[in-house]
Each structure stands twice: as C-alpha cells, then as structure tokens.
Amino acid sequence: MSEPKRITDSGIEIKKCYTSSDIAATEGRQEMPGEFPYTRGVQQDMYRGKLWTMRQYAGFSTAAESNKRYHYLLSQGVMGLSVAFDLPTQIGYDSNHDLSEGEVGKVGVAIDSLEDMETLFSGIKLEEVSTSMTINATGFILLAMYVAQAKKQGADLKKITGTIQNDILKEYAARGTYIYPPKPSMRIITDIFEWCSTDLPKWNTISISGYHIREAGSTAVQEIAFTLSNGKAYVQAALAKGLDINVFGKRLSFFFNAHNNLFEEIAKFRAARRMWAKMMKELGATDEKALMLRFHTQTGGATLTAQQPLNNISRVTIQTLSAVLGGTQSLHTNGYDEALSLPTEEAARIALRTQQIVAFESGAADTVDPLAGSYFVESLTSEVEAKAWDLVHKIDAMGGSVNAIEEGFMQDEIARSAYEYQRNIESGNKIIVGVNKFTVNTENPVPGFKIDDSIRLIQSEQLTVLKAKRNNTAVADSLSAIKKAAQGTDNLMPYVLTAVEAYCTLGEIADELRKVFGEYK
C-alpha cells in the first residue's frame, strides 16, 4: 500500500525528502540579507540589530477603558500599540446612529470625535510610541484625529511613527467594511499618500492586508498573490496621480497572517519579499527602501478553537516562530481565548510573553534567516512564489485588482478554498486537535471578556454634550469645505483635519462624503 500524499492547503505536494537537486535553480545566487530581492530579509543584521516591534491589538468599550489596557500593555513590555475600532467606527457611523445599535464598543473601541481620541491616548506621548490603527474606509478620519491629538501634545509631526491599515481593496474582496465605491476610495488613499509624504513623512500610509484575505478562507499562496496584486493597484493609482514611487514606496507596508503550517508560512514570507521587490522594480522604483517589503504579522485568528482553548497557546507559539523565522518587522500574538470573546488581560499577557520567550529564550533571533539553505525551505519558497505568480498574472490579464474584484474573481477563489478547507476538516482528512480528533467529553469553561450594551448610551450622551458646547458655525463651515473639496480635485486631508479639530464627528464627516461619492452596494 502506497503512502498517501502530503499536500499543503495551497495544493503544494510535500516530498518525503529534499536534497540539493531540489534547489539547483537557486544555487550560485549566494544572496545575502538586506540585498535585492530581499528573500533573506530587509536588513543585513535583522533581529541582531533590533527586534521586531511587539504589538498587542487592543481596543474595546470606551476610549477610557481602552486607555487603561494600553497603559497596562506598555507596562508589560509592549513596544507599539495596535488599535482595534468597533464596527460603527469602521463604517462611518457615530455611536448614536440607528445602525450602531448592538455594536458599540464590541469588537473594538468606539471613536466618535477628537474628544474620544484625546481620552484614548491620555498620558501616552505620541512622539514616543508607534501606533498601528486597523481601520480602512474611515482610516483618513482616524489619522486626522491622531494628528490633531499629536498637535495638541506639541509633538513634532516629522517624528510621529505608525501605520493605518487603509487597505480598501481587501474590504471589497474579503471583509466588507467599505463605504464608498472603489474609485473615490482609491482617491482618498492616494490623497493620504500625498499628504503624508510632506506632513507626516515617517508614517506608513497603508498596510496592504493579506490577513483578512486569509481569515476569509484563502490559502497561503492566494494570500500573497491577492495582497501583492492589491499593492500593485495602489502603486499604479499613486503613479497616475503623479506621485514619486521612490517617496511613497518607502511608506508602504504589508500585513500578513501566520497559520499553523510552520514551513509553508516561512516560505510564504520569504517569497512575498522576493515578489514585491521584482514588482516594484518593474513599476520603476530605484530606491532600495522602496523595493523592500516590510510587514506586520498577526497570528491566525481563524485557527483558534473554542474547544480546548488552552491548546491555542501552542498554536500561537508555532505561528510566532513562523513570523520570526520568516523575517517580520512587527508582530501581534492572539490571546488563547479569542475564539470565545475579546481577550482577557491574562490572555493578552500570555500572548505577549509568547513573543518575549521566542525573542529572548529560543535563539530564533540570534542569526539572520536561520533556515536559509534548507533544501526543503528553499524549494518550498520557490514553489509558493511560482504558484503566486500564476495568480498575479491572471489578475493582470483581467486589468488588475479593481477589475478582478468587480468581476468577483478573488471572492470566488477565496470561497472555493474556504469550502475545500472545511470539507477536509469534516471528512477528517485534515486534523484539528481537540475539534475532530483528540476531543474530550467535558471541558472547564474559560471566563470570557464581555462588553456591556450600556456603552452606546454613554457614547450617545457624550455626543449630545459635545454638540452643545462646540462651535457649530465652525463645524458647518468645515463640513461644507469637505464637500466642496470632494466635488473637485483638492487633497481631502487638510479639510478633514480642520473638521476634526473643530470637533466634527466621524459620522458627520463620513456622511458629507457619502453625499458626493455615494455608497458601494
């Protein structure tokens, strides 16, 4: 009886043994870290020079409650903050809007105005901390609020560092928190590129996200193919606006998922760097830093199980190792209880400690790209790259990512992979420990972290007070200016910043643009 084939979720067959003949194509290249096409990492010394930024994704309830969690995380050794926003904030509704009911403060923090942003970062010097904000359709409004808060602190905007996700294409393809149609959304993104290049030069203007593509059910190959194709679309849109690829290209960053197949994930990260360097070179980039793919990683939320949740600590450890061995610049590790609720303080601490143990005890950070030269890893990197290029070329033939999304190509491919994955679990072909094998009859319940529905009432009352005390003439003037700018070709960011500083709410600004751009259905 022959041994069954071992195949990754991306459809790559894994051989029983690898030898030097499997990497013959790469022999003689002798690529070093920090050299084009950056397969081995974007820095020559990688973590020997500076560890990856250890982030913990947090945000829930009110700005005041989230602020307490940020101070706790900073006290525990977190090196950068990562803000989660609630659903109404993500889709441009204030907390008192009818459609916000039942969602305020649930999957992230509720931010209605600059007043909330001031509370969120109270006691935290924005010039001294790097902040990542997972926000897309309303990313430009939250960025304006963050800048307004930094100005109130007297910070030098030239020193402010951080990232807004700002990746709208993956929202149409995989996640769904879009507001405006693709073309005006792309305009907003290129306005951010342009404005930040002069006003906020150290800010990463976009985090092109494969994370949510993977969470929606894609394979590792699809994750990088679709993400890099989306990145290419943003670059082409910026070039069409007349922006310099060697300037805005340095501020592009990526956001990837880390799943459980340790070696396929490492190969994925290495292949993505190689592909992006080649893409950017073809698009005209000549500056080394504009050719480098820099990325944040989050461990796979979809891999966490509600059954035997403590097993998730082991899963997150494997995923952490894949990100570190794959050369990530920044990492968030999930709490073991996140299949059940928002992470408790204990789960968030264990997740952070996982990163710290890998950094300081495992030896994984002691040398650059420690798996380079592995027959298996080098061969797998090339196979992942080849399969990803096949998909990229298909998307190019359709006219690029925007057309591929409008035709439903990416959505259909992701749905097919998600179906296949689930079918393999249900048939037992794919083992998920504690779910379809090695189960137990009884489990001790894990205490969850719950958000009270009264948060909406608190936020709504604050909005009523704010609207009574602000200068409503300045509000009306600044909203009118945004509408006029949207109807023309002016960069929207200065107008949005003025509106935010006048304490216009997020919903008011989003609605003003809905009047001009419409909504995507």
Side-chain angles (χ1 to χ4, degrees), residues 5-48 52 210 214 218-225 227-228 254 256-278 292-297 299-300 303 314-329 331 358-359 362-392:
K5 288 182 178 179
R6 304 289 174 96
I7 298 172
T8 73
D9 294 330
S10 295
I12 296 169
E13 186 177 345
I14 303 301
K15 293 161 57 170
K16 183 167 75 174
C17 181
Y18 287 78
T19 68
S20 59
S21 63
D22 292 296
I23 59 167
T26 63
E27 276 185 8
R29 192 163 66 197
Q30 294 297 318
E31 184 192 321
M32 295 299 288
E35 291 179 3
F36 181 88
Y38 311 106
T39 314
R40 302 196 60 194
V42 293
Q43 286 109 16
Q44 290 179 353
D45 58 355
M46 285 302 287
Y47 308 133
R48 286 171 70 104
W52 64 93
R214 192 66 176 279
S218 82
T219 65
V221 164
Q222 288 170 335
E223 179 188 352
I224 60 168
T227 305
L228 298 183
F254 287 80
F256 290 122
N257 207 311
H259 264 231
N260 288 331
N261 188 322
L262 179 71
F263 295 106
E264 186 178 41
E265 293 301 293
I266 293 164
K268 176 189 79 178
F269 297 132
R270 298 173 92 246
R273 268 195 299 273
R274 199 149 81 195
M275 290 174 72
W276 184 246
K278 292 172 185 174
M292 294 176 179
L293 181 147
R294 296 166 301 114
F295 67 99
H296 169 69
T297 311
T299 56
T303 68
S314 300
R315 292 186 176 100
V316 169
T317 304
I318 291 167
Q319 294 161 9
T320 299
L321 274 169
S322 78
V324 171
L325 294 171
T328 194
Q329 275 61 65
L331 179 61
V358 168
S362 75
D366 289 347
T367 190
V368 183
D369 192 20
L371 292 181
S374 154
Y375 301 144
F376 179 35
V377 169
E378 294 293 358
S379 174
L380 193 54
T381 300
S382 296
E383 286 198 67
V384 168
E385 182 186 10
K387 275 182 161 285
W389 277 125
D390 287 345
L391 278 173
V392 169

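Predicted model only: the values in this text are computed from it and were never measured. Along the sequence shown, residues carry numbers from 1.
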Any donor-acceptor N/O pair, [X] side chain to [Y] backbone, under 3.5 Å:
{"X": "T381", "Y": "A271", "result": "no"}
{"X": "K5", "Y": "K15", "result": "no"}
{"X": "Q329", "Y": "F295", "result": "yes"}
{"X": "E378", "Y": "A372", "result": "no"}
{"X": "R273", "Y": "G326", "result": "yes"}
{"X": "D45", "Y": "R48", "result": "no"}
{"X": "S218", "Y": "Q222", "result": "no"}
{"X": "R214", "Y": "E223", "result": "no"}

Using the side-chain contact (heavy atoms from CB on, under 4.5 Å) criterion, which residues pair with S374? Sequence neighbours excluded.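 side-chain contact (heavy atoms from CB on, under 4.5 Å) check on S374 returns F376, V377.
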K16: which residues meet the side-chain contact (heavy atoms from CB on, under 4.5 Å) condition with it, sequence neighbours left out?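 Partners of K16 by the side-chain contact (heavy atoms from CB on, under 4.5 Å) criterion, ordered by chain and then number, come out as E3.
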Go through the steps for L293 and V42 under the test side chain to side chain contact (heavy atoms under 4.5 Å, CB included), then give the verdict. CA-CA 7 Å; L293 181 147; V42 293; 5.6 Å; no
Rounded distance [0.5 Å steps], [atom1] in [X] versus [atom2] in [Y]:
{"X": "L371", "Y": "R40", "atom1": "CG", "atom2": "CZ", "result": "10.0 Å"}
{"X": "L391", "Y": "I224", "atom1": "CG", "atom2": "CD1", "result": "9.5 Å"}
{"X": "D9", "Y": "H259", "atom1": "CG", "atom2": "NE2", "result": "8.5 Å"}
{"X": "K268", "Y": "N261", "atom1": "NZ", "atom2": "CG", "result": "10.0 Å"}
{"X": "K278", "Y": "L228", "atom1": "NZ", "atom2": "CG", "result": "11.5 Å"}
{"X": "F256", "Y": "H296", "atom1": "CZ", "atom2": "NE2", "result": "12.0 Å"}

Check each of T328, N257, T320 against T297 using the side chain to side chain donor-acceptor pair (under 3.5 Å) test, and report the only one that passes.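 Of the listed residues T328, N257, T320, the side chain to side chain donor-acceptor pair (under 3.5 Å) partner of T297 is T328.
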[X] versus [Y]: any side-chain heavy-atom pair under 4.5 Å?
{"X": "I12", "Y": "E264", "answer": "yes"}
{"X": "P37", "Y": "M275", "answer": "no"}
{"X": "F269", "Y": "S322", "answer": "yes"}
{"X": "Q319", "Y": "R315", "answer": "yes"}
{"X": "L380", "Y": "I14", "answer": "yes"}

Which heavy atom of [X] sits nearest a heavy atom of [Y], and at what distance?
{"X": "A220", "Y": "S10", "answer": "N-OG, 3.3 Å"}
{"X": "A364", "Y": "P370", "answer": "O-CG, 4.1 Å"}
{"X": "V358", "Y": "S362", "answer": "O-OG, 2.5 Å"}
{"X": "Y47", "Y": "V324", "answer": "CE1-O, 3.3 Å"}
{"X": "D369", "Y": "L325", "answer": "OD1-O, 4.2 Å"}
{"X": "D22", "Y": "C17", "answer": "OD2-O, 4.3 Å"}

Residues R274 and E385 bridged, charged N to O under 4.0 Å: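 Between E385 and R274 there is a salt bridge, with a charged N closer than 4.0 Å to a carboxylate O.
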Does OH belonging to Y18 count more than 12 external heavy atoms closer than 6.0 Å?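 Counting other residues, nucleotides and ligands, OH of Y18 exceeds 12 neighbours.
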Check for me whether the distance between the ring centres of W276 and F254 falls short of 6.0 Å.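 Yes, close enough.
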